[in-house]
2 protein chains.
Amino acid sequence: MRPDDIPAIRSLDLFSDMSEDSFHDLVRGAYMQTFPPQVDLISEGDPADFLYVVVSGSVELYARWNGRETSLSTVRPISTFILAATIKDAPYLMSARTTEKSRLILLPSQDVRDVFERDNAFARAVVTELAQCYRTVVKNAKNLKLRTSIERLANYVLRWSARNGGATEFELAMEKRRLASFLGMTPENLSRAIKALRPYGLEIDGARVRITNRTDLELLAKPNPLIDDFTT
Amino acid sequence: MRPDDIPAIRSLDLFSDMSEDSFHDLVRGAYMQTFPPQVDLISEGDPADFLYVVVSGSVELYARWNGRETSLSTVRPISTFILAATIKDAPYLMSARTTEKSRLILLPSQDVRDVFERDNAFARAVVTELAQCYRTVVKNAKNLKLRTSIERLANYVLRWSARNGGATEFELAMEKRRLASFLGMTPENLSRAIKALRPYGLEIDGARVRITNRTDLELLAKPNPLIDDFTT
DNA sequence: CCGGCATCTTGACAATTGTCAAATTCACGA
DNA sequence: TCGTGAATTTGACAATTGTCAAGATGCCGG
């Protein structure tokens, strides 16, 4: 593991409060690895051997059933994924693959569980992290069940605009195929949703997003902090 | 609070490991209350003033947006709800109402957070509980995104059959309107889904469920532990 | 036991979303 | 720069799901 990655992950909320000893125990058995794009990291159903930390690049979490596949989330630096499976020592519920060249840290799950048992500050940090994850998935479920695909797209764009400091123009963070899957629709349907939103003040040309009329777009999207605000 | 409710909630995984002192601190400020059916307990967006424990009856967690409403889960005895909001001191993401006459324990959130800070065993129990909640919602999201409404119904029935010890005949645990909402469809669509499953070995007459051909039903439902097994 | 009301079911229809095939655009390596 | 293959878009169509209205059923209180 590169020496300069240590302070980077140490500063994560999940690891910042724990004792120096515990942190040392955690990273002692860890290793860092760089993966090319589109590499399968884990497969749903596998035992949770590692807790992963995305240091650079990005990782897609997805799931399969009966020949169908859906994208559930994208993990960006610097954060961890599959913490719940690691702590519970349960099989992964989601598969993971890199979407681009990515540097990952792999922490052996047994070490994570050992430190979790010993270090109280770490145990509390895990709570905060899991509570955050839980609330994010609940918001996701609300988004899926309460909104049509056009509404989901409109709100997705507004969320990313907010994340970019309220920018009117920015780039899509993933290819459209993946975005469609994440939003719970087909790529064809996403194309049509994009066209349908043009009269409501949204233009997407390639990866370029332009909000031409925020008022109209918000009137249609009706963004709601209890679904769209990913800070609370 | 009735004296005989104390051992009942003390035996919950969430409370069983904590110190006697901590438990006492927790229940000292708690109060127990019995509510009639269809009483609104909390509303999404409200500050998380209490952690709730369902002692008897049942509570529906639901959410609203833009005039639409969807049922997200049903909490049955004995378990808690809205633990994540309580710990994070964040607004509720879901509303809650009793579905029947229910006895609930209300633990002031501040007390829960205080004990969480002090009692390490409790902090770890919270982790286990939250990890469980998280994985349940993830399974739910997979169910919604990967399956059609008919498949969701078929798997719902098989899950409840399993929960009833593999029974071939049992009663629906909620009215159809609520079930439809939970499964992400309209009541009309649920009616049709029920009819569509008759040739596949499922009969639902009123609240009575009869699996007449488990093989065919499973062939259609393709149940999967990574979506349908609520024990892992 | 009956009436009234909510739930559930059904039919007809509309909207949404998915599927398939073909055309077009785009990105990347030779 | 060009060619190749993947991604995206479009059109035509089908399947799924929702909406509305009406009728049937079931439950509860008087």
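Only a predicted model underlies this, so the values are computations on that prediction, with no experimental measurement involved. Here is how names work: the chains are called A, B, and so on, in the same order as the sequence lines, proteins then strands, and each is numbered from 1.
Summarising the geometry, the separation between CG on Leu172(B) and C1' on dT7(C) is reported as 13 Å, rounded to the nearest angstrom. What separates CG of Leu183(B) from C1' of dG18(D) is a distance of 16 Å, to the nearest Å. Atom C1' of nucleotide dT17(D) and atom CG of Leu146(A) are separated by 16 Å, given to the nearest angstrom. What separates CG of Asn189(A) from P of dA15(C) is a distance of 16 Å, to the nearest Å. Rounded to whole Å, the distance from CE on Met174(A) to C1' on dA6(D) is 19 Å. Per the geometry, CG belonging to Leu197(A) stands 14 Å off C1' belonging to dT16(C), to the nearest Å. The distance from atom CE of Met185(B) to atom C1' of dT17(C) is 16 Å, rounded to the nearest whole Å. When the P atom of dT19(D) is taken as reference, atom CZ of Arg177(B) falls 15 Å away, rounded to whole Å.
Along DNA chain C, the nucleotide nearest Asp205(A) and the nucleotide nearest Thr186(A) are compared for position; the residue whose nucleotide lies closer to the 5' end is Thr186(A).
Checked against the 6.0 Å centroid criterion, the rings of Phe182(A) and Tyr62(A) do not qualify as a close aromatic pair.
Checking dT17(C), dG18(D), dC8(C) against the side-chain heavy atoms of Arg192(B) singles out dG18(D) as nearest.
Evaluation of atom-type donor-acceptor distances gives a pair under 3.5 Å for the side chain of Glu188(B) against the base of dC20(D). For Arg68(B) against dG18(D), no side-chain N or O and base N or O form a donor-acceptor pair under 3.5 Å.
A side-chain donor from one of Thr99(B) and Ser58(B) sits under 3.5 Å from a side-chain acceptor of the other.
Counting any heavy atom pair closer than 4.0 Å across all strands shown, Glu175(B) reaches sugar-phosphate atoms only and no base atom.
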Take Arg147(A) and Asp228(A) through the test salt bridge (Lys or Arg N to Asp or Glu O under 4.0 Å) and record every step on the way to the result.
CA-CA 12 Å; Arg147(A) 288 173 171 162; Asp228(A) 302 296; 2.8 Å; yes

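Contact check, Ser149(A) against dT17(C): a side-chain N or O comes under 4.0 Å of OP1 or OP2. Of the side-chain N and O atoms in Ser191(A), none sit less than 4.0 angstrom from OP1 or OP2 of dT8(D).
Looking at Thr212(A), Leu197(A), Val209(A), Ile194(A) one by one, the single match for side-chain contact (heavy atoms from CB on, under 4.5 Å) with Glu203(A) turns out to be Thr212(A).
The residues Glu44(A) and Arg64(A) are annotated as not salt-bridged, no charged nitrogen and carboxylate oxygen being separated by less than 4.0 angstrom.
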